[in-house]
**Q** 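Structure provided below as C-alpha cells; questions to follow.
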Amino acid sequence: MILLLDLDDTLTDADRGFSAWAQKWVARFTAEHRAEMVDFLTGDEVRPMYPQDRLAAFRQRFGVRASAGDLHADYIAQAAGHTHLVDGALAALARARRSGFRLGVVTNGPADLQRAKLEHLRLTEHVDTVVISGEAGVAKPDPAIFALAIERLGGPGGARWMIGDNPVADIGGARAAGIRSVWLRHGRAWDDADGPVDRQADTITDAVDLVSREAGEGVARCADE
C-alpha cells in the first residue's frame, strides 16, 4: 500500500513559515513601510504564487534595489528555519507506517528550497521517498510525477492514496493518476467545479486515520473473499 503526501500546507504550515520570514526580512526597511510590505508578501493576491514569484512582485511593487535572484537566495537561506510541521504530522506518519503504508512526499517547488525544508524538519527520516518537481522536471497535477513516486515506492500494487490541500495540484492530479485522495479543507468548502474528491478531512491526523481505516477494511474484505 502506498500513501503520498503533499508538503506545504499539508505536512508543514507554509503560510506561517513564510510570514515569519517576511516579518524578519522587512525589518531592514523604513519602519513606516514594514507592515505594508508584510501584508503584500503574505496577502491573498500573491498567496497562490511560489515564493520566488512573490518576491519578484514585491521587488517591482516597492522598488527594492536587490535583484530578484538575491532576494530569493536570502529567502532560501533563511526560510527553512521558519518552517514548522503541522500538529500531529510525525505521529500521523508513524501510524501510517504501522498500518502498512509506504510513504512518499510529492511536492511542487524549487529543489533547493524544498530540500532545505525537508532537511530542517528531518522529514526524510520518516518517509520512504521524496519527489520534488524542481528535480523531477514534472509538476503536479501532471500524473507523471505521481507515477514516479509510485515507481520509487515499489510499484502500483495495493491501495494508493494521496493527501493534500490543493484541489487542482493534489486532488485533480491524483484523480488523473488513478489514485484515491483526501482533501485537507483548511476551513474551505469543496468546489464541485474542481471535479470529485474521494474524501475530505480537517487535519493530517484525521486524513491518515481515514486512509488507514479504509485500507484496513479493504484488506479485511479481500481476506473474506
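Values below: all heavy atoms of this structure, side chains included; hydrogens, waters and symmetry mates excluded.
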**Q** Do you know which two heavy atoms are closest between Ala144 and Val138, and how far apart they sit?
**A** CB-CG2, 4.0 Å
**Q** Under a 4.5 Å side-chain heavy-atom rule over Ile, Leu, Val, Met, Phe, Trp and Tyr, are Met1 and Leu103 clustered together?
**A** yes
**Q** Test Trp161 against Glu214 for side chain to side chain contact (heavy atoms under 4.5 Å, CB included), laying out the working first.
**A** CA-CA 10 Å; Trp161 286 86; Glu214 294 216 7; 3.7 Å; yes
**Q** By salt bridge (Lys or Arg N to Asp or Glu O under 4.0 Å), which residues pair with Arg16, not counting sequence neighbours?
**A** none
**Q** What residue pairs, at least two apart or across chains, pass salt bridge (charged side-chain N to carboxylate O under 4.0 Å, His left out) with a residue in residues 150-163?
**A** none
**Q** Nearest 0.5 Å, what's the CD1-CE distance between Ile2 and Met162?
**A** 13.0 Å
**Q** Under a 3.5 Å cutoff, is there a donor and acceptor pairing between the side chains of Ser212 and Asp209?
**A** no
**Q** Under the side chain to side chain contact (heavy atoms under 4.5 Å, CB included) test against Ile163, which residue among Asp6, Leu11, Ile171, Ile204 passes?
**A** Ile204
**Q** Between the side chains of Arg97 and Asp128, is the shortest nitrogen-to-carboxylate-oxygen separation below 4.0 Å, so that they form an ion pair?
**A** yes
**Q** Under the criterion side chain to side chain contact (heavy atoms under 4.5 Å, CB included), I'd like the reasoning laid out for Leu90 against Leu123: C-alpha separation, chi angles, the key distance, then a yes or no.
**A** CA-CA 8 Å; Leu90 295 185; Leu123 259 178; 4.1 Å; yes
**Q** More than 12 heavy atoms of other residues, nucleotides or ligands under 6.0 Å from CD of Glu135: is that the case?
**A** yes
**Q** Is there a side chain to side chain contact (heavy atoms under 4.5 Å, CB included) between Trp183 and Arg199? Walk through the geometry before answering.
**A** CA-CA 6 Å; Trp183 179 56; Arg199 297 289 184 270; over 6 Å; no
**Q** Within the 4.5 Å heavy-atom criterion, are Leu5 and Leu3 side-chain neighbours or not?
**A** yes
**Q** Asp194 vs Val168, test: side chain to side chain contact (heavy atoms under 4.5 Å, CB included). Steps then yes/no.
**A** CA-CA 7 Å; Asp194 290 320; Val168 176; 4.2 Å; yes
**Q** At what distance, to the nearest 0.5 angstrom, does CG of Asn108 lie from CG of Asp8?
**A** 9.0 Å
**Q** Using modelled atom types and a 3.5 Å cut-off, is there a donor and acceptor pairing between side-chain atoms of His120 and backbone atoms of Ala80?
**A** yes
**Q** How long is the straight-line distance from CD1 of Ile132 back to CG of Leu118, given to the nearest 0.5 Å?
**A** 5.5 Å
**Q** In terms of ring plane angle, is the pair Phe58 and Phe40 parallel, tilted or perpendicular, where the classes change at 30° and 60°?
**A** tilted
**Q** May I ask whether Leu85 and Val105 are part of the same hydrophobic cluster, defined by side-chain heavy atoms of I, L, V, M, F, W, Y residues being less than 4.5 angstrom apart, directly or through others?
**A** yes
**Q** Would you kindly confirm whether Val197 and Val208 end up in one hydrophobic cluster when ILVMFWY residues are joined by side chain heavy atoms under 4.5 Å apart?
**A** no
**Q** Flag the pair Thr107 / Val131 as yes when at least one side-chain heavy-atom distance between them is below 4.5 Å, and no otherwise.
**A** no
**Q** Is a side-chain donor or acceptor of Trp190 paired with a backbone partner of Pro196 at a separation under 3.5 angstrom?
**A** no
**Q** Sequence neighbours excluded, which residues qualify as side-chain hydrogen bond (donor to acceptor under 3.5 Å, both in side chains) partners of Thr203?
**A** Asp206
**Q** To the closest 0.5 Å, what do you measure between CG (Asp74) and CH2 (Trp21)?
**A** 6.0 Å
**Q** Measuring from Leu148:CG to Ser133:OG, what's the distance to the nearest 0.5 Å?
**A** 11.5 Å
**Q** Does any N or O in the side chain of Arg188 come within less than 3.5 Å of the main-chain N or O of Asp165, such that one atom is a donor and the other an acceptor?
**A** yes
**Q** Should His82 and Lys24 count as side-chain neighbours, where that means a heavy-atom distance under 4.5 Å?
**A** yes
**Q** Is it the case that atom CG in Asp87 sees more than 12 heavy atoms from other parts of the structure closer than 6.0 Å?
**A** no
**Q** Which pair of non-hydrogen atoms, one from Asp198 and one from Ser181, has the smallest distance, and what is that distance?
**A** OD2-N, 2.9 Å
**Q** With no hydrogens and no angle check, is any side-chain donor or acceptor of Lys140 less than 3.5 Å from a backbone partner on Val106?
**A** yes
**Q** Does a sphere of radius 6.0 Å around CD in Glu125 hold more than 12 heavy atoms from other residues, nucleotides or ligands, not counting ones at 6.0 Å or beyond?
**A** yes
**Q** Rounded to the nearest 0.5 Å, what separates atom CG in Asp9 from atom NE2 in His186?
**A** 5.5 Å
**Q** Are Leu184 and Val211 joined in one hydrophobic group, where the rule is that I, L, V, M, F, W and Y side chains link up if heavy atoms are under 4.5 Å apart?
**A** yes
